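None of these values were measured; they are calculated from a predicted model.
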Amino acid sequence: MKIAIINGQNHKGSSYHIGRLLVDQIPGEKEITEFFLPRDLNHFCIGCYRCIENDADCPWFEQKSAIVDAMEAADLLVFTTPTYCMAPSASMKALLDLTFTMWMSHRPRGSMFRKKAVVLSASAGSSTAGATKGIAKNLLFWGVPEIYRYGTRVEAMNWESVKPKIKQKITKDTFRLAKKLGKNTPPRVGIKTRFLFFMMAGNQKANYSASPREKEYWQNQGWLGKARPWKNA
């Protein structure tokens, strides 16, 4: 299994360790590619909209494309982020902003419709829902059909200070999730993903797009006809 891990912080805190704990428990052989933000993408979107016409025109294309290429090649995407102010880290949000053209409303990548993803977050005491939900929403609009979220309060400022009892619970939780992810079954494309896809296809047919290049992209993929991204190997 090919796995791409995108960590929303440079330091190896609780969220990072939970992500590695999950991945290590997935059965079978694994090929892992890992990124740390902002180390591997230290830029914010500047709203120039040059990517609408051509992704390669983004000022930060080289750094961004290295992460996107790894995600496209992976079977499983793992996103980890600390919960900052009840939201994902700024560097993780920057990555999502810089990949907005991958949303179904623009130029989605067909490979995303055949992937599984996990969003993980730890907090010292606040809810992690705001951090994991925002990332999961982006993945849904990328077309990822099977998305899991896991968040937990670790009641500590770093992984070394987390109480053994809490670590034991996290280990059990991630073990159960790892068993699901380790099953050699393709992700099921549910009604929500299909509904969004057909709605966006309808918008493209009606010329409700940010650029004619987007409709051209959909046509070239065959998605305005009978082709479907979740069926293309």
Side-chain angles (χ1 to χ4, degrees), residues 2 4 6 33 35 37 40-41 43-79 88 91-119 133-149 186-233:
K2 291 185 177 181
I6 297 90
T33 306
F35 298 92
L37 308 173
D40 295 316
L41 181 60
H43 299 286
F44 290 98
C45 177
I46 59 174
C48 66
Y49 286 101
R50 290 162 63 185
C51 59
I52 287 290
E53 297 298 325
N54 185 359
D55 283 315
D57 288 339
C58 173
W60 328 126
F61 175 74
E62 186 173 347
Q63 281 187 313
K64 180 175 69 173
S65 63
I67 299 175
V68 172
D69 289 348
M71 291 194 296
E72 286 214 80
D75 305 299
L76 172 66
L77 309 179
V78 178
F79 292 80
S91 52
M92 180 64 78
K93 181 61 168 61
L95 170 65
L96 300 177
D97 290 345
L98 286 166
T99 52
F100 82 94
T101 56
M102 290 171 55
W103 276 44
M104 277 189 261
S105 51
H106 297 287
R107 294 191 300 276
R109 307 296 177 93
S111 64
M112 293 296 162
F113 291 82
R114 302 183 295 277
K115 298 188 187 302
K116 299 177 183 179
V118 185
V119 184
K133 187 176 181 180
I135 300 171
K137 183 177 181 180
N138 274 264
L139 298 178
L140 170 66
F141 278 88
W142 284 3
V144 178
E146 191 170 327
I147 305 165
Y148 298 90
R149 294 165 53 200
R188 179 179 175 274
V189 181
I191 189 170
K192 185 180 290 187
T193 301
R194 293 171 186 261
F195 172 78
L196 287 171
F197 175 84
F198 289 123
M199 182 176 70
M200 300 306 173
N203 287 345
Q204 293 295 338
K205 291 177 181 178
N207 296 316
Y208 295 149
S209 61
S211 165
R213 292 287 298 275
E214 293 184 347
K215 183 175 182 179
E216 180 184 356
Y217 173 86
W218 278 72
Q219 288 175 328
N220 290 340
Q221 302 299 320
W223 297 340
L224 299 185
K226 294 183 178 180
R228 300 293 175 257
W230 51 86
K231 294 182 179 180
N232 296 340

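A 4.5 Å side-chain heavy-atom check between Met104 and Trp223 finds every atom pair outside the cut-off. Val68 is not listed as a side-chain neighbour of Phe61, based on a closest heavy-atom distance of 4.5 Å or more. By the 4.5 Å heavy-atom criterion applied to side chains, Phe197 and Arg228 are counted as neighbours. No side-chain heavy atom of Pro88 sits under 4.5 Å from any side-chain heavy atom of Phe79. Using a 4.5 Å cut-off on side-chain heavy atoms (C-beta onward), Phe35 and Leu95 make no contact. Residues Ile6 and Met92 have side chains in contact (heavy-atom distance under 4.5 Å, counting atoms from C-beta outward). Lys115 has its side chain out of reach of Glu146: every pair of non-hydrogen atoms, C-beta onward, lies at least 4.5 Å apart. Annotation: side chain of Met200 is in contact with side chain of Trp218 (closest heavy-atom distance under 4.5 Å).
For Lys215, the NZ atom counts as densely surrounded, since its 6.0 Å shell holds more than 12 non-hydrogen atoms of other residues, nucleotides or ligands. Residue Lys93 places its NZ atom among 12 or fewer non-hydrogen atoms of other residues, nucleotides or ligands, all under 6.0 Å distant.
Rounded to the nearest 0.5 Å, atoms CG (Leu139) and CE (Met102) are 9.0 Å apart.
Nearest heavy atoms, Leu41 versus Leu37: CB-CD2, 3.8 Å. Shown here for Lys205 and Leu224, the closest heavy-atom pair between the two residues is CE-O, 3.3 Å. Ile67 and Asp40 get closest at one heavy-atom pair: CD1-O, 4.2 Å. Between Ser209 and Glu214, the shortest heavy-atom contact is CB-OE1, 3.5 Å. Across Thr33 and Ala70, no two heavy atoms sit closer than the pair CG2-CB, 4.0 Å.
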Just list the side-chain donor-acceptor pairs under 3.5 Å for residues 186-195, sequence neighbours left out, or say none.
residue, atom, partner, partner atom, Å
Arg194, NE, Val189, O, 3.0

Sequence neighbours excluded and cut-off under 3.5 Å, please list the side-chain donor-acceptor pairs for residues 43-60, or say none.
residue, atom, partner, partner atom, Å
His43, NE2, Gln63, OE1, 3.2
Arg50, NE, Asp57, O, 3.2
Arg50, NH2, Asp57, O, 3.2
Glu53, OE1, Ser211, OG, 3.3
Glu53, OE2, Ser211, OG, 2.8
Asn54, OD1, Ala56, N, 3.1
Asp55, OD1, Thr101, OG1, 2.9
Asp55, OD1, Arg107, NH2, 3.2
Asp55, OD2, Arg107, NH2, 3.3
Trp60, NE1, Phe44, O, 3.0

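Of the possible donor and acceptor atoms, none in the side chain of Arg109 sits under 3.5 Å from a partner among the backbone N and O of Gly143.
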Going through the checks in order, is the side-chain contact (heavy atoms from CB on, under 4.5 Å) test met by Tyr217 and Gln204?
-> CA-CA 10 Å; Tyr217 173 86; Gln204 293 295 338; over 6 Å; no
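The aromatic rings of Trp103 and Phe141 sit parallel, their planes meeting at an angle under 30°, below the 60° perpendicular limit.
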